[in-house]
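This report concerns only the one structure given below.
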Amino acid sequence: MAFANINGTVLHHEYLTEDENAPVLILINSLGTDFRIWLPLLDELNSEWSILLYDKRGHGLSEVGKLPYSIDDHADDLIGLCRHLGIRKATIYGLSVGGLIAQSVYLKKPELVKKIVLSNTSHKIGTAEMWADRIAAVEEHGIESLADSVMERWFTKDFHQRRRTDLTGYRNMLVRQDRAGYAATCGAIRDADFTASVSQIKVPVLCIVGDQDGSTPPDLVRATADMIPNARFEIIEGCGHIPCVEQPAALADILDDFINA
């Protein structure tokens, strides 16, 4: 395990690299998860890439840090972690809230970003009322109170039926996240709106969504792709909100084609 103090917050991370000249892929995980969600994808990816995994503040083994959060705080953490590790250029893959963080990183430090993958995300996610309700539920009753409804949005009905053991494991991951960190990140998502800036992205962009995503449906992700000049849009069949878990092989094929294009 590796830890670094970035902007006054200790971040848990893993930098998988054997060649300083290899292309770098940074994976930013979703709300309520830690970087273990990427492990199924790593088994499918091109081994010649250098890959950075990390737990954003308030998740996994990273510190909660100073409250409240903004998406810019999360972006500053990633920029600082890249500086700490000597990463100067990378393809950034942001899943869900990770996609918001990726957009913020690009606006703050475009020279760091070679390409962007916006996965199961949008220029704006949800409404203020929706996030206020979720924050209130978590603060009053804990993450456990919404875990089952989250699982329904994360994974397809087929996953629920055929992979019940895995479902239990990912549910455990969710409910064991820090309550304050989860709520603070909900607040960051609530306040984030890149509607006016997403069209400014000049690097290649790939937008991905599962055909059965219950959190960021295909039409929402497609609308974001339509706002970005020359963005590529892909739908993964038989997939919910977390393709790196549910369809890692299909996702790896799309990523390999995009990164190596």
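Heavy atoms only: backbone and side chains are in, while hydrogens, waters and symmetry mates are out. Keep in mind it's a predicted model, so treat the numbers as computed, not measured.
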Using a 3.5 Å distance criterion without hydrogens, assess whether the side chain of [X] forms a donor-acceptor pair with backbone atoms of [Y].
X: Asn260; Y: Asp256; result: yes
X: Lys56; Y: His74; result: no
X: Ser149; Y: Leu146; result: yes
X: Glu234; Y: Cys207; result: no
X: His123; Y: Leu100; result: no
X: Glu14; Y: Leu53; result: no
X: Thr168; Y: Arg164; result: yes
X: Asp73; Y: Ser70; result: yes
X: Asp211; Y: Gly238; result: yes
X: Glu63; Y: Val10; result: yes

Hey, could you give me each pair passing salt bridge (Lys or Arg N to Asp or Glu O under 4.0 Å) that has a residue in residues 116-135? Not counting sequence neighbours.
none
From CA spacing to verdict: ring-ring contact (aromatic ring centres under 6.0 Å, His included), Tyr93, Trp38:
CA-CA 11 Å; Tyr93 180 129; Trp38 301 109; 5.1 Å; yes
Looking at side-chain heavy atoms only, is the closest gap between [X] and [Y] below 4.5 Å?
X: Met173; Y: Asp34; answer: yes
X: Thr33; Y: Trp154; answer: yes
X: Ile51; Y: Leu42; answer: yes
X: Leu107; Y: Gln200; answer: yes
X: Leu85; Y: His13; answer: yes
X: Lys108; Y: Asp72; answer: yes
X: Ser62; Y: Phe3; answer: no
X: Leu52; Y: Leu25; answer: no

Side chains of [X] and [Y]: is there a donor and an acceptor less than 3.5 Å apart?
X: Thr216; Y: Ser122; answer: no
X: Ser30; Y: His241; answer: no
X: Thr195; Y: Asp193; answer: yes
X: Ser96; Y: Asn120; answer: no
X: Gln103; Y: Ser197; answer: no
X: Asn7; Y: Asp77; answer: yes

If two hydrophobic side chains count as joined below 4.5 Å and joins carry through other members, does Val205 share a cluster with Met227?
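Val205 clusters together with Met227.
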Establish, yes or no, whether the cationic atom of Arg232 lies under 6.0 Å from the six-membered ring centre of Phe258 and within 45° of the ring axis.
no
Which heavy atom of [X] sits nearest to which heavy atom of [Y], and what is that distance?
X: Asn5; Y: Thr9; value: OD1-N, 3.4 Å
X: Ser145; Y: Gly142; value: OG-O, 2.7 Å
X: Cys186; Y: Leu31; value: SG-CD2, 3.9 Å

Single hit among Ile26, Thr91, Ile201, Ile92 for side chain to side chain contact (heavy atoms under 4.5 Å, CB included) with Val113
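Of the listed options, the one satisfying the test is Ile92.
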Within a 6.0 Å radius of atom CG on Asp219, are there more than 12 heavy atoms belonging to other residues, nucleotides or ligands?
no
So with a 6.0 Å cut-off around NZ of Lys89, is the heavy-atom count from everything else above 12?
yes
Kindly assign one of parallel, tilted or perpendicular to the pair His59 and Tyr182, based on the angle between their ring planes and the thresholds 30° and 60°.
tilted
Value for CD1 (Ile6) from CG (Leu11), rounded to nearest 0.5 Å, stands at 6.0 Å
